[in-house]
> 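Pasting in a structure now, in structure tokens, and then I'll have a few things to ask.
Chain A is the first sequence line, chain B the second, and so forth, proteins listed ahead of strands; every chain is numbered from 1. Model, not experiment: these values are computed from the prediction.
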Protein chains: 2
Amino acid sequence: MNIEETIKATNKLPESRRLILNILVTANHINDRIGEALKGFDLSIPQFNVLRILRGQKGKPANLSTIQERMVSRMSNTTRLVDKLIAKGLVERVTCEANRRKVEISITKKGLEFLHEVDPVIDNIETEITSRINSVENELINEKLNELRA
Amino acid sequence: MNIEETIKATNKLPESRRLILNILVTANHINDRIGEALKGFDLSIPQFNVLRILRGQKGKPANLSTIQERMVSRMSNTTRLVDKLIAKGLVERVTCEANRRKVEISITKKGLEFLHEVDPVIDNIETEITSRINSVENELINEKLNELRA
DNA sequence: ATACAAATATTGTTATAACAAATGAATATA
DNA sequence: TATATTCATTTGTTATAACAATATTTGTAT
């Protein structure tokens, strides 16, 4: 289904707006699918995002600003987001000794095990969605999206 | 800049996740740009979205469910979103005589004039972003995004 | 007609996000 | 060294979103 149908646009959209809307609607669709799956794990998308970032650190702790700059969707209060993950025992935080303004945040063993359970569910969704186009097309869209953000 | 750099991914991303992340990050980028511009008009993105939907009705009022199914980002409480627009005098609501469960929502003259001011600002952003790729590429991405949502 | 179910919107409540201000620590400057 | 400035995070407050429950009207079956 094309975007015009999807959002039931009544009048013809200019080419620029059509692409913009399509990207936004598609992103929304993806978020809905992933968010729905994460609900089964009592995890929000930003929380999942932070967990993956911390795992990506491979043991090395991250401070708040590092997390923020790597998040898909930048957010104002990452502190409280981390608080939630700490409350669940998935993450831990110690104040950095070298620079006591900073904090060192890292994923716990429990957090890693938890992610390990969640991963395949999300992987399935991601591959299911992207499998509808081929590798060449995938790569092309990647390039073009990069250009749009340039 | 590619997504790996943009989100500073430490390890190589599988092709499926890379595309998914790229779409999400790009959508976020677009929303940030548009949201920033709308702030000058004291308007949120969903509010702007509703106004455009109502204008698209060309005089014919819309009820809540119609608005919801046309929104880029489906939301649970459209009632209160419309309330905000009514408070600003940009929209009006009367209960539908034919089916008194429904309401008839329409954009006011003031709302139309207001949109007319906002439009060029958003148009500029949309064309500025999309002008970085050509028409053929634009069309191709549109098609492929449609397939991803299929 | 009456009762029951479905449609449509609203309201209440709780969680999350956005924004601004404040804290505390490090660094630069005089 | 004292003071100001900047940095990194936290906290308070307000706005918005998500979720569940509640009207209210309509449609349907008996």
> Kindly state each residue pair satisfying salt bridge (charged side-chain N to carboxylate O under 4.0 Å, His left out) with at least one member in residues 11-40 of chain B, sequence neighbours excluded.
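Passing the test, one end in residues 11-40 of chain B: Asp123(A)-Arg17(B), Glu126(A)-Arg17(B), Glu139(A)-Arg18(B), Glu4(B)-Arg18(B), Arg33(B)-Glu128(B), Glu36(B)-Lys39(B).
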> Given atom CG of Asn77(A) and atom P of dG12(D), what is their separation to the nearest angstrom?
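Going from Asn77(A) (CG) to dG12(D) (P), I get 13 Å.
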> Step by step, would you call Arg52(B) with Val72(B) a side chain to side chain contact (heavy atoms under 4.5 Å, CB included)?
CA-CA 11 Å; Arg52(B) 288 212 290 201; Val72(B) 174; over 6 Å; no
> Of Lys39(A) and Ile105(A), whose closest DNA chain D nucleotide lies nearer the 5' terminus?
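Upstream on the strand: Ile105(A).
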> Quick one, which residues of residues 40-68 of chain B touch DNA chain D with a heavy atom under 4.0 Å?
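Contacts with DNA chain D under 4.0 Å: Pro46(B).
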> Does any non-hydrogen side-chain atom of Leu81(A) lie less than 4.5 Å from one of Met71(A)?
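Yes, side chains in contact.
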> Under 4.0 Å from a heavy atom of chain A: give me the 5'-most and 3'-most nucleotides of DNA chain C that qualify.
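So the contact region on DNA chain C extends dT16(C) to dA26(C).
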> Scan for salt bridge (charged side-chain N to carboxylate O under 4.0 Å, His left out) pairs involving residues 63-84 of chain A, sequence neighbours excluded, and state none if there are none.
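Found Asp83(A)-Arg93(A).
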> For the residue pair Asn138(B) / Ser135(B), report whether a side-chain donor-acceptor contact shorter than 3.5 Å exists.
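Not at all, the side chains of Ser135(B) and Asn138(B) share no donor-acceptor pair under 3.5 Å.
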> Is the closest side-chain heavy-atom distance between Leu38(B) and Gln47(B) below 4.5 Å?
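Heavy-atom side-chain distance check fails, nothing below 4.5 Å.
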> Can you pull out the residues from residues 84-103 of chain A that lie within a 4.0 Å heavy-atom distance of DNA chain D?
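Nucleic-acid contacts, sorted: Arg93(A), Arg101(A), Lys102(A), Val103(A).
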> Does Ile105(A) reach the side chain of Val50(A), with side-chain heavy atoms less than 4.5 Å apart?
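Result no, sub-4.5 Å side-chain heavy-atom pair not found.
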> So if you build clusters from Ile, Leu, Val, Met, Phe, Trp, Tyr with side-chain heavy-atom gaps below 4.5 Å, do Leu19(B) and Leu140(A) land together?
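Different clusters: Leu19(B) never reaches Leu140(A) through Ile, Leu, Val, Met, Phe, Trp or Tyr contacts under 4.5 Å.
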> Before giving the answer on side chain to side chain contact (heavy atoms under 4.5 Å, CB included), spell out for Ile141(B) and Ile133(B) the whole-Å C-alpha distance, their side-chain angles and the decisive distance to 0.1 Å.
CA-CA 10 Å; Ile141(B) 300 182; Ile133(B) 65 176; 3.8 Å; yes
> Between C1' on dC19(D) and CE on Met75(B), what's the gap in Å once rounded to a whole number?
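Distance, rounded to whole Å: 14 Å.
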> In residues 143-150 of chain B, what donor-acceptor pairs under 3.5 Å come from side-chain atoms, sequence neighbours left out?
from: Lys144(B); atom 1: NZ; to: Glu137(A); atom 2: OE2; distance (Å): 2.8
from: Lys144(B); atom 1: NZ; to: Glu147(B); atom 2: OE2; distance (Å): 3.2
from: Asn146(B); atom 1: OD1; to: Asn22(A); atom 2: ND2; distance (Å): 3.1
from: Asn146(B); atom 1: OD1; to: Arg149(B); atom 2: NH2; distance (Å): 3.1
from: Asn146(B); atom 1: ND2; to: Asn142(B); atom 2: O; distance (Å): 3.3
from: Arg149(B); atom 1: NH1; to: Asn22(A); atom 2: OD1; distance (Å): 2.5
from: Arg149(B); atom 1: NH1; to: Thr26(A); atom 2: OG1; distance (Å): 3.0
from: Arg149(B); atom 1: NH2; to: Met1(A); atom 2: O; distance (Å): 3.0
from: Arg149(B); atom 1: NH2; to: Thr6(A); atom 2: OG1; distance (Å): 3.3

